[in-house]
Amino acid sequence: MRLTEQLFVTLREDPADAEVRSHALMVRAGFLQKLSAGIYIYGPMLWRVLRRVEQIVREEHDRVGYQELLMPALQPRELWEESGRWDRYVQDGILFHFADRKGSEVCLGPTHEEVITTYVKRMIQSYKQLPVMLYQIQTKFRDEIRPRFGLMRGKEFIMKDAYSFDVSADDMKASYEKMHKVYCNVFTRCGLRFTPVEADSGAIGGAGSEEFMVDAETGEDAIAVCHKTGYAANIEKAVSQIPAPDAAGDAVEMHKEPTPGAKSCEELLALFPNLPKTRLLKTVLYSATYEEREETVAVMCRGDREVNEIKLLNHLQAHSLELADEETVRSATGAELGFAGPLNLADGVRLLADQSVSGVEGFLCGANETDAHYLDVWFGRDLEQPETADFGVVQEGDQTGDGKGVIKITRGIEVGHIFQLGTKYSEAMDATFADKSQKVKPLWMGCYGIGVSRVAAAAIEQNHDENGMIWPLSIAPYAVHLVQMKAGQEEQDVLSQEIHDTLQAQGVDVLWDDRPKVGPGAKFKDADLVGIPLRVVVGRDAGDRRVEFGCRDGEGRETLGVEDVLSQILHACQEAGRA
RNA sequence: CGGGGAGUGGCGCAGCCUGGUAGCGCACCUGUUUUGGGAACAGGGGGUCGCAGGUUCGAAUCCUGUCUCCCCGACCA
């Protein structure tokens, strides 16, 4: 493709509203243009990348027996009432929904469990038809609380979603494991460095789930890993053995201490300089929302630890959970913010404790009275230890759950998530099959998503330098960037044309910078920005049929004969599966 | 949703405080020279200053409202 025959505009400066590199670089290179917050136009170059990613996804799914289909983005409310997710998604505000001209409510699909279950239940009657494995690649719509970072988190994005249907839990697990391998293959082929981690399944539901995290400092997710034991989990899900608390002092009687204005751990520790942080127990109040009711929940937690709201939410089996507002705190504690404690809470407040409080003796806690805390409080003596479970956030330096390693916290970009759904949707929506003995049973489902557009962004986050993007060969918009120094100079024209035509004929796509009146500096800068991995420079040695050949990452740049270069390129492309 | 910041040619910005005919760099167009790391010169085109009201002889600038975008937060009492 001649550059002069395509729309090619690059910017010299970063756009003012781009925070992360992938976003800024894609905009500068003309790959991406914002239409509105979280809504983007994918330019021709980016579309080539996305189609490459899609192609890899298709090949890896097809290879293990998945069939591609396409479901509608527009979905009727009734379907979501059947699964019971309408109210929750509307409440969360994530669902784009509206009424059609007849007043029937519809939504733009944020995911497709309901639709696929409907489709499959009409198709499947017998165990003989199972397993069934389907997938689609399609635009998803989610009214994100805060879209950001360009393609990383948009209101509209391209997703591959796959679904498996099996006769039993064991078969479902086998399908899940199969998909685990598919995902590893996909992301490896896309040139990404990634880590599969244990995950919380969130609003999708189901038992087991894993996320595929692209290792990147700018990732939105924190993950707990241990290289020694191989443990890896999203921080939302991660468990650990926490360091033991400091020893208690003398078993003196519990007594009230004046703590005027001391609302935070730091302020309290300043007032009690001899008190170790592990003997300060904070009490955090939450408002939990259930299907039919709300509840105020107080959670005790050691001063050096934090409450993991996801674990708490799951334990409570609540719809949603948020930090209690000031008014709720006042009525639950009878005090201003900052003095909540386990003693004398208002009736109806549910008291829980994180496991970190176990074994803490003679602690300091809020008195539920403004400007006062209790000191030297003991469980068993001054109050019973409340219902205790793991509601804590894992911290760097904790021991792994098995005690054999140490946790490190890193960050990642979630590009894939796989779930064992079980029978959650099939039971709710009556998707059943007849087994060998004519017994009607619900289908065992799995669902599996890849953020196709996010994969492109993640690839840039992981592969770029100060000059621009560096695409992995497998998903690059073009395999080869042919940079012609002087367009119009006959020897260069002829040789460039030959290189271009030869490669194209072999199935290697070439972007040919044939722009006249553009200096070499500008051409190199643009080539660096766009980040096509293989580069051929046709310049002063064109008459000798010699060109410069190198990689975008700067490795091994040298001047060679054309035939040699062509064969090296073909070889590299074949290896990357793109010729 | 709470807090902060910003809207001025396609992009990045100045001007606003102290009202008086809108400016710079990049990009773009024409011409000449130039061509291995963002070329030089000359000439040129393009902006109802987010939108709506108001104050004023006069508003990018002051006031009110509104929309949009970005960042932080939804964090422990």
Side-chain angles (χ1 to χ4, degrees), chain A residues 7-20 23-24 27-30 33-39 92-93 143 145-150 222 259 261-268 277 280-287 297-309 312 320-326 328-330 332-333 335-341 354 356 364-368 370-371 373 391-393 467-468 483-489 492 513 515-529 535 537-542 547-548 550 554 557 559:
Chain A
L7 185 58
F8 185 81
V9 180
T10 57
L11 301 175
R12 205 184 269 228
E13 288 168 294
D14 278 350
D17 59 3
E19 195 67 12
V20 297
H23 185 196
V27 172
R28 273 187 59 198
Q33 198 182 95
K34 181 169 68 193
L35 192 60
S36 175
I39 305 175
D92 288 352
D143 194 356
I145 302 174
R146 192 171 149 214
R148 57 180 152 181
F149 302 154
T259 54
K263 299 176 175 188
S264 68
C265 290
E266 283 62 39
E267 288 164 312
L268 285 165
K277 207 173 182 182
L280 189 161
L281 298 191
K282 52 195 177 190
T283 305
V284 189
L285 278 88
Y286 289 95
S287 294
V297 181
V299 185
M300 299 185 71
C301 176
R302 216 166 76 187
D304 61 328
R305 312 294 298 185
E306 291 179 2
V307 175
N308 181 327
E309 294 181 8
L312 182 58
S320 60
L321 185 73
E322 56 184 17
L323 210 60
D325 57 30
E326 288 191 30
T328 309
V329 173
R330 282 199 197 94
T333 65
E336 288 302 307
L337 265 72
F339 304 96
D354 174 50
S356 62
L364 179 85
C365 63
N368 291 326
T370 302
D371 295 340
H373 281 74
F391 301 124
V393 178
N467 295 317
V483 186
Q484 185 182 346
M485 290 288 88
K486 274 193 200 181
Q489 206 232 38
Q492 289 189 21
D513 190 347
R515 290 175 296 178
K517 298 185 177 180
V518 173
K523 288 190 176 182
F524 286 129
K525 286 288 182 192
D526 277 340
D528 286 346
L529 179 60
R535 184 179 304 175
V537 182
V538 176
R540 39 170 118 81
D541 301 321
V547 296
E548 183 184 295
R557 188 183 297 176
T559 300

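Below, chain A is the first sequence line, B the second, and so on; all start at residue 1.
- Taking atom C1' on both B/rC75 and B/rU48, the two are 46 Å apart, rounded to the nearest angstrom.
- Look at B/rC69: its Watson-Crick or wobble partner, with both distances under 3.5 angstrom, is B/rG5.
- Partners of A/Glu548 under the salt bridge (charged side-chain N to carboxylate O under 4.0 Å, His left out) rule, at least two apart in sequence or in another chain, are A/Arg557.
- Phosphate proximity of B/rU68 to A/Ser36: absent, as no side-chain N or O sits under 4.0 Å from OP1 or OP2.
- Legend: residues meeting salt bridge (charged side-chain N to carboxylate O under 4.0 Å, His left out) with A/Asp325, ordered by chain and number and at least two apart, are absent.
- When each of A/Thr283, A/Thr333, A/Val329, A/Thr259 is paired with A/Phe339, the side chain to side chain contact (heavy atoms under 4.5 Å, CB included) condition holds for A/Thr259 and for no other.
- Separating the P atom of B/rG3 from that of B/rG10 is a span of 33 Å, rounded to the nearest Å.
- Base-pair partner of B/rU32: B/rA40 (Watson-Crick or G-U wobble, both distances under 3.5 Å).
- Looking at A/Asn467, its side chain never comes within 3.5 Å of a backbone N or O of A/Leu529 through a donor-acceptor pair.
- Counting to the nearest Å, the P atom of B/rG37 and the CD atom of A/Glu548 are 11 Å from each other.
- In this structure, B/rA22 makes no Watson-Crick or G-U wobble pair, since no nucleotide meets both defining distances under 3.5 angstrom.
- For A/Asp528, taking side-chain heavy atoms from C-beta onward, the closest of the listed nucleotides B/rU34, B/rG37, B/rC76 is B/rG37.
- Within the 3.5 Å criterion, the main-chain N or O of A/Cys265 finds no donor-acceptor partner in the side chain of A/Lys277.
- Comparing the C1' positions of B/rA60 and B/rU18 gives a spacing of 15 Å, expressed to the nearest Å.
- Residue contacts for A/Ala37: at a heavy-atom cut-off of 4.0 Å it reaches the sugar-phosphate backbone alone, with no base atom in range.
- For A/Asp541, there are no side-chain hydrogen bond (donor to acceptor under 3.5 Å, both in side chains) partners two or more places apart in sequence or in a different chain.
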Give me, pair by pair, the N or O atoms of the protein and of nucleotides 41-47 of chain B that are less than 3.5 Å apart, along with how far apart they are.
none

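- Note: CG (A/Leu35) to P (B/rC69) measures 10 Å, nearest angstrom.
- In this structure, the nucleotide among B/rU35, B/rG38, B/rC71 sitting nearest to the side chain of A/Glu19 is B/rC71.
- As judged by a 4.0 angstrom heavy-atom cut-off over every strand, A/Cys301 is placed among residues making no nucleic acid contact.
- Here B/rC76 is the nucleotide among B/rC76, B/rG37, B/rC70 with the atom lying nearest to any side-chain atom of A/Glu306.
- Across all strands, A/Glu336 comes closer than 4.0 Å to no nucleic acid atom at all (heavy-atom distances).
- Spacing between atom CZ of A/Arg28 and atom P of B/rC26 amounts to 16 Å, rounded to whole angstrom units.
- Across B/rU34, B/rC70, B/rG36, the shortest atom-to-atom separation from the side chain of A/Lys517 is found for B/rU34.
- Heavy atoms of A/Arg557 sit under 4.0 angstrom from at least one base atom.
- Atom CG of A/Leu337 and atom CG of A/Leu285 lie 9.0 Å apart (nearest 0.5 Å).
- Using a 4.0 Å heavy-atom distance criterion, A/Val483 is classed as making no nucleic acid contact.
- Rounded to a whole Å, the NE2 atom of A/His23 is 11 Å from the C1' atom of B/rC69.
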Contacts under 3.5 Å, N or O only, protein and nucleotides 9-13 of chain B:
residue : atom : partner : partner atom : Å
B/rG12  : OP1  : A/Ala16 : N            : 3.1
B/rG12  : O2'  : A/Glu13 : OE2          : 3.3

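- In this view, A/Asp304 and A/Arg302 satisfy the salt bridge (charged side-chain N to carboxylate O under 4.0 Å, His left out) rule, not counting sequence neighbours.
- A/Ile145 has its CD1 atom 12 Å from the P atom of B/rC1, to the nearest Å.
- A/Val518 comes within contact range of at least one nucleobase, with a heavy-atom separation under 4.0 Å.
- Base pairing analysis places B/rG47 opposite nothing; no Watson-Crick or G-U wobble pair with both distances below 3.5 Å involves it.
- Using a 4.0 Å heavy-atom distance criterion, A/Ala324 is classed as a base contact.
- Taking atom C1' in both B/rC51 and B/rG12, one finds a spacing of 24 Å when rounded to whole Å.
- Rounded to whole angstrom, the span from the CG atom of A/Asp92 across to the P atom of B/rC1 amounts to 16 Å.
- For A/Lys34 and B/rC70, the shortest distance from a side-chain N or O to OP1 or OP2 is below 4.0 Å.
- In this structure, the side-chain hydrogen bond (donor to acceptor under 3.5 Å, both in side chains) partners of A/Glu309, at least two apart in sequence or on a different chain, are A/Tyr286.
- Between B/rU8 and B/rG50, the distance separating the two P atoms is 6 Å to the nearest Å.
- At whole-Å resolution of the value, CZ in A/Phe524 and C1' in B/rG38 are 12 Å apart.
- Both distances falling under 3.5 Å, in either a Watson-Crick or a G-U wobble arrangement, occur for no nucleotide opposite B/rA27.
- Put simply, CG on A/Leu281 and CE on A/Met300 are 4.5 Å apart, with the number rounded to the nearest 0.5 Å.
- Under the side-chain hydrogen bond (donor to acceptor under 3.5 Å, both in side chains) criterion, A/His23 pairs with no residue, sequence neighbours left out.
- Between A/Arg12 and B/rG25, a side-chain N or O to OP1/OP2 separation shorter than 4.0 Å is absent.
- Across all strands, A/Val27 comes closer than 4.0 Å to no nucleic acid atom at all (heavy-atom distances).
- Nucleotides B/rG37 and B/rC49, compared at atom C1', are 38 Å apart to the nearest Å.
- When both pairing distances are held under 3.5 Å, B/rA52 makes a Watson-Crick or G-U pair with B/rU64.
- One atom, CZ of A/Arg515, and another, P of B/rA39, lie 11 Å apart when rounded to the nearest Å.
- For A/Glu267, the salt bridge (charged side-chain N to carboxylate O under 4.0 Å, His left out) criterion is met by no residue, not counting sequence neighbours.
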